[in-house]
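Below is one structure; the comments refer to it alone.
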There are 2 protein chains.
Amino acid sequence: CPVEITQEIIGGKWKGVILYKLLESGCLRFSELKRRMPRITQRMLTLQLRSLEEDGLVIRTIYPEVPPRVEYRLTVLGKTLQPVIDSLMKWGLLYEETKSAPVSKKAAVQHEAEVC
Amino acid sequence: CPVEITQEIIGGKWKGVILYKLLESGCLRFSELKRRMPRITQRMLTLQLRSLEEDGLVIRTIYPEVPPRVEYRLTVLGKTLQPVIDSLMKWGLLYEETKSAPVSKKAAVQHEAEVC
DNA sequence: CAGCATCCCCACTGATACTG
DNA sequence: CAGTATCAGTGGGGATGCTG
């Protein structure tokens, strides 16, 4: 099932957010990504980026400098995730709205009462 | 982050597929859902449906008959997931296509060579 | 038919410390 | 700066058997 395939690739706790940040910013260093995701650990960020790289969504570029610099950006395939991430984000916003709008709940319940 | 919120709700191995089947069919009995997802165990189907119910995406209707009959359908909120599930499915199809098209890989790599 | 109960595993996630 | 290494915990997910 295609839905399952996609979820296997961008699922999990962090990948969606990483992709969102990269779509937003285009190209980010490891530390910049980390700064944009204060709750993720270095370890998890590394693991998730490696996984995204394996699946061909992200490119990792190492600049042989001191101090080391590594930049991440989306591949062409990775960029095709834009509409997916967008819809995930939009629905997240809608959901938060819904939860904080108790006034309309009664009307909603009446709708739900429809029979199959 | 809204992206993370959505993934917490419809993430995991099965929820996306369940939602897809319900969007497609409108209303399904437990056994009908199970038949459409041969790999899921009864236990997991039950657990995932309960979770979707808790989050207000699915309505569970029990018909007091013998043998028992339980039907599942989306709430109004659940139906708002249509564009999300759609985009997940479309990208899944695109991804499968990409993997089975080795001819275009060279061109793709050249694209990836662009600098940040 | 549509489940619940039970047992179990390991993959995901995390905290912490260390390093080229 | 951008990682590895190590250890540990939790819970998602699964197999199987039983039942109103």
Side-chain angles (χ1 to χ4, degrees), chain A residues 1 3-19 21-22 25 27-55 57-74 116, chain B residues 1 3-22 25 27-55 57-74 88 116:
Chain A
C1 177
V3 176
E4 197 181 341
I5 300 252
T6 305
Q7 284 293 50
E8 275 172 14
I9 294 175
I10 70 165
K13 191 171 176 179
W14 300 113
K15 287 181 187 173
V17 184
I18 294 174
L19 292 166
K21 299 300 180 186
L22 287 177
S25 301
C27 188
L28 290 170
R29 301 181 58 163
F30 185 86
S31 57
E32 291 172 330
L33 264 172
K34 178 82 183 63
R35 204 171 310 128
R36 283 167 169 73
M37 306 171 64
R39 294 179 167 185
I40 200 173
T41 60
Q42 274 190 337
R43 171 190 153 79
M44 286 314 297
L45 184 52
T46 302
L47 287 176
Q48 302 306 311
L49 283 169
R50 290 292 185 285
S51 173
L52 292 172
E53 197 187 355
E54 265 187 60
D55 289 328
L57 305 181
V58 159
I59 293 273
R60 179 168 176 258
T61 311
I62 309 173
Y63 296 88
E65 304 172 355
V66 177
R69 186 167 123 241
V70 179
E71 291 189 336
Y72 294 89
R73 63 201 167 81
L74 297 175
C116 288
Chain B
C1 175
V3 175
E4 198 181 340
I5 300 253
T6 306
Q7 284 293 49
E8 274 171 15
I9 294 175
I10 69 166
K13 191 171 175 180
W14 300 112
K15 287 180 186 172
V17 184
I18 294 175
L19 292 165
Y20 174 70
K21 299 299 181 188
L22 287 177
S25 301
C27 187
L28 290 171
R29 302 182 57 163
F30 185 86
S31 57
E32 290 171 331
L33 263 173
K34 177 83 184 65
R35 205 171 308 125
R36 284 167 169 74
M37 306 171 62
R39 294 180 168 187
I40 199 172
T41 60
Q42 275 190 337
R43 170 190 155 81
M44 286 315 297
L45 184 53
T46 301
L47 287 176
Q48 303 304 310
L49 283 169
R50 289 294 184 282
S51 174
L52 292 172
E53 197 186 356
E54 265 187 60
D55 288 328
L57 305 181
V58 159
I59 293 273
R60 179 166 176 258
T61 310
I62 309 174
Y63 296 87
E65 306 174 354
V66 177
R69 187 168 122 240
V70 179
E71 292 187 337
Y72 295 89
R73 63 197 166 86
L74 296 176
L88 287 174
C116 288

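Just so it is clear: chains get the letters A, B, ... in the order the sequence lines come, proteins before strands, and each one is counted from 1.
- For the OP1/OP2 pair of C:dG14 and a distance below 4.0 Å, the side-chain nitrogens and oxygens of A:Lys13 include at least one atom meeting the criterion.
- Counting to the nearest Å, the P atom of D:dG13 and the CD atom of A:Glu8 are 11 Å from each other.
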Verdict with reasoning, B:Ile40 to B:Lys34, per side-chain contact (heavy atoms from CB on, under 4.5 Å): CA-CA 7 Å; B:Ile40 199 172; B:Lys34 177 83 184 65; 4.2 Å; yes
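- One atom, OH of A:Tyr63, and another, P of D:dG3, lie 13 Å apart when rounded to the nearest Å.
- Ranked by how close their nearest DNA chain D nucleotide is to the 5' end, B:Arg39 and B:Pro68 are led by B:Arg39.
- With rounding to whole Å, A:Gln48 atom CD is found 15 Å from C:dA11 atom P.
- If you take CG on B:Leu57 and CG on B:Leu49, they are separated by 11.0 Å, rounding to the nearest 0.5 Å.
- Checking D:dA2, C:dA2, C:dT13 against every side-chain atom of B:Arg29, the shortest atom distance belongs to C:dA2.
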With side-chain contact (heavy atoms from CB on, under 4.5 Å) as the test, would you mind laying out the steps for A:Gln7 and B:Ile10 before giving the verdict? CA-CA 9 Å; A:Gln7 284 293 50; B:Ile10 69 166; 4.2 Å; yes
Apply side-chain contact (heavy atoms from CB on, under 4.5 Å) to residues A:Ser25 and A:Glu32 and explain how you reach the verdict. CA-CA 10 Å; A:Ser25 301; A:Glu32 291 172 330; over 6 Å; no
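- The phosphate of C:dC1 (OP1 or OP2) has no side-chain N or O of B:Ser31 nearer than 4.0 angstrom.
- A:Glu32 comes within 4.0 angstrom of nothing in the nucleic acid, heavy atoms only.
- Across the protein-nucleic acid pair, B:Gln7 atom CD and C:dT13 atom C1' stand 16 Å apart, rounded to whole Å.
- Within 6.0 Å of CD in B:Glu65 there are more than 12 heavy atoms belonging to other residues, nucleotides or ligands.
- Counting to the nearest Å, the P atom of C:dT16 and the CD1 atom of A:Ile40 are 17 Å from each other.
- Of the side-chain N and O atoms in A:Tyr72, none sit less than 4.0 angstrom from OP1 or OP2 of D:dC1.
- Rounded to an integer number of Å, the gap from A:Phe30 CZ to D:dA2 C1' is 6 Å.
- Counting to the nearest Å, the C1' atom of D:dC1 and the CG atom of A:Leu45 are 13 Å from each other.
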Nucleotide by nucleotide, 5' to 3', does protein get under 4.0 Å of the base (B), only the sugar-phosphate (S), or neither (-) in nucleotides 4-10 of chain C, counting heavy atoms? S-B----
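- Rounded to a whole Å, the CD atom of A:Glu65 is 14 Å from the P atom of D:dG3.
- Of the charged side-chain nitrogens involved, none lies within less than 4.0 Å of a carboxylate oxygen, so that B:Glu71 and B:Arg73 do not count as a salt-bridged pair.
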Chi angles and distances behind the side-chain contact (heavy atoms from CB on, under 4.5 Å) call for A:Leu45, A:Ile18: CA-CA 8 Å; A:Leu45 184 52; A:Ile18 294 174; 3.8 Å; yes
